Amino acid sequence: QLQLVESGGGLVQPGGSLRLSCTASGFSLDNYAIGWFRQAPGKEREGVSCISRRYGNTYYADSVKGRFTISRDNAKNTGYLQMNSLKPEDTAVYYCAAYVPRTYYRGTYCQLEVPHDYWGQGTQVTISS
């Protein structure tokens, strides 16, 4: 079965840290760019961060820049989102997703707004004291 599985969510206090994992099953993640998205209750889904297929180029939304770090380990078929200095407004369901860049050049950067081929089921992140 082709799927992405997230893990690592939970409840932490403001200022705390979490690391989310996104593991691909049934396909090789190194052919894909990886994106992380989140959706808070009553709000639209927003793109948080992404990492390119080639060269590990990254993008961060302004709201998480300097606090979140995206990475990937192709040998483990897994992507990660390290989240530090967490704030209550980071509370949301976090989703990872993956897409195949259509050209070699597009593989050198990532985009959150393109259609993604696979989505995970989501993991809840709650920041509260």
Side-chain angles (χ1 to χ4, degrees):
Q1 186 176 2
L2 307 179
Q3 60 181 354
L4 292 172
V5 179
E6 300 104 335
S7 60
L11 170 65
V12 297
Q13 294 185 342
S17 297
L18 284 172
R19 188 177 80 156
L20 305 183
S21 298
C22 172
T23 300
S25 176
F27 65 99
S28 180
L29 200 54
D30 62 1
N31 295 320
Y32 292 76
I34 302 169
W36 285 94
F37 299 79
R38 66 186 182 185
Q39 188 165 22
K43 295 188 177 181
E44 293 187 355
R45 186 178 67 198
E46 66 169 330
V48 173
S49 180
C50 62
I51 186 166
S52 63
R53 174 186 176 185
R54 294 183 175 86
Y55 310 131
N57 293 317
T58 59
Y59 166 84
Y60 297 94
D62 287 343
S63 58
V64 306
K65 201 172 294 183
R67 300 187 298 121
F68 290 12
T69 303
I70 191 171
S71 62
R72 63 190 301 158
D73 186 339
N74 290 337
K76 295 183 178 180
N77 221 22
T78 299
Y80 302 96
L81 186 67
Q82 177 67 44
M83 306 186 296
N84 298 329
S85 302
L86 284 162
K87 305 175 181 180
E89 52 262 44
D90 294 318
T91 295
V93 177
Y94 283 70
Y95 300 89
C96 69
Y99 72 93
V100 176
R102 301 308 179 198
T103 66
Y104 180 91
Y105 174 68
R106 290 182 179 179
T108 65
Y109 62 94
C110 62
Q111 296 172 282
L112 288 168
E113 65 274 17
V114 299
H116 283 58
D117 301 297
Y118 297 103
W119 287 84
Q121 82 288 352
T123 186
Q124 177 69 47
V125 171
T126 303
I127 314 303
S128 175
S129 55

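The shown structure was predicted, so the numbers you read here are calculated from the model rather than taken from an experiment.
In terms of modelled atom types and a separation under 3.5 Å, the side chain of Glu6 and the main chain of Gly122 share a donor-acceptor contact. A distance-only check finds a donor-acceptor pair linking the side chain of Asn77 to the backbone of Leu29 [under 3.5 Å]. Judged purely by atom type and a 3.5 angstrom limit, Tyr59 has no side-chain atom pairing as donor or acceptor with the backbone of Ser52. Looking at Ser129, its side chain never comes within 3.5 Å of a backbone N or O of Gln13 through a donor-acceptor pair. When atom types are taken as modelled, the side chain of Gln121 and the backbone of Val5 share no donor-acceptor pair closer than 3.5 angstrom. Between the side chain of Arg67 and the backbone N or O of Ser85, at least one donor-acceptor pair lies under 3.5 Å. The main-chain N or O of Gln111 is found under 3.5 Å from a side-chain atom of Tyr99 such that the two form a donor-acceptor pair.
In this structure, Phe27 and Tyr118 have parallel ring planes: the angle between them is below the 30° cut-off, well short of the 60° mark. Note on ring orientation: taking the six-membered ring where Trp is involved, the planes of Phe37 and Trp119 are tilted (angle from 30° to 60°).
Remark: Glu46 CD to Gln39 CD distance equals 9.5 Å, nearest 0.5 Å. Separation of atoms CZ (Phe68) and CG (Leu20) is listed at 8.0 Å; rounding is to 0.5 Å. Atom CZ in Arg53 sits 9.5 Å away from atom CG in Asn74 (nearest 0.5 Å). In this structure, the separation between CG on Leu2 and CG on Asp117 is 10.5 Å, given to the nearest 0.5 Å. With rounding to the nearest 0.5 angstrom, the OG1 atom of Thr58 is 9.5 Å from the NZ atom of Lys65.
Placement of Leu4 and Val100 within a single hydrophobic cluster is found when ILVMFWY residues are connected by side-chain heavy-atom separations under 4.5 Å, directly or transitively. Hydrophobic clustering (side-chain heavy atoms under 4.5 Å, transitive across Ile, Leu, Val, Met, Phe, Trp, Tyr) keeps Tyr80 apart from Leu112. Tracing side-chain contacts under 4.5 Å through hydrophobic residues (I, L, V, M, F, W, Y), one never reaches Tyr109 starting from Ile34; they form parts of separate clusters. Under the 4.5 Å side-chain heavy-atom criterion for grouping Ile, Leu, Val, Met, Phe, Trp and Tyr, Trp36 is not connected to Tyr95 through any hydrophobic cluster. There is a path of hydrophobic side-chain contacts, each under 4.5 Å, that joins Leu18 to Ile70.
Thr23 and Thr78 share a donor-acceptor pair across their side chains, judged by distance under 3.5 Å alone.
A pairwise comparison of heavy atoms in Arg54 and Thr103 identifies NH1-O, 4.4 Å as the closest pair. Leu81 and Ser49 make their closest contact through CD1-CB, 4.2 Å (heavy atoms, listed as atom of the first residue, atom of the second, distance). Considering every non-hydrogen atom in both Arg72 and Ala33, the closest pair reads NH1-CA, 4.1 Å. Taking both residues in full, the closest heavy atoms of Thr91 and Ala40 are given as O-CB, 3.6 Å, listed atom of the first, atom of the second, then distance.
Checked for salt-bridge contact, Lys87 and Asp90 miss the test: no charged N lies under 4.0 Å from a carboxylate O.
A 4.5 Å side-chain heavy-atom check between Ser17 and Gln82 finds at least one atom pair inside the cut-off.
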For this session: Determine, step by step, whether Ile51 and Tyr32 satisfy the side chain to side chain contact (heavy atoms under 4.5 Å, CB included) criterion, reporting the C-alpha distance in whole Å, the side-chain angles of both residues, the deciding distance to 0.1 Å, and the verdict.
Result: CA-CA 9 Å; Ile51 186 166; Tyr32 292 76; over 6 Å; no

Exercise. Given Arg38 and Ser63, is the side chain to side chain contact (heavy atoms under 4.5 Å, CB included) satisfied, shown in steps?
Worked result: CA-CA 12 Å; Arg38 66 186 182 185; Ser63 58; 3.5 Å; yes

For this session: Determine, stepwise, if the pair Leu11 / Ser128 fulfils side chain to side chain contact (heavy atoms under 4.5 Å, CB included).
Result: CA-CA 7 Å; Leu11 170 65; Ser128 175; 4.1 Å; yes

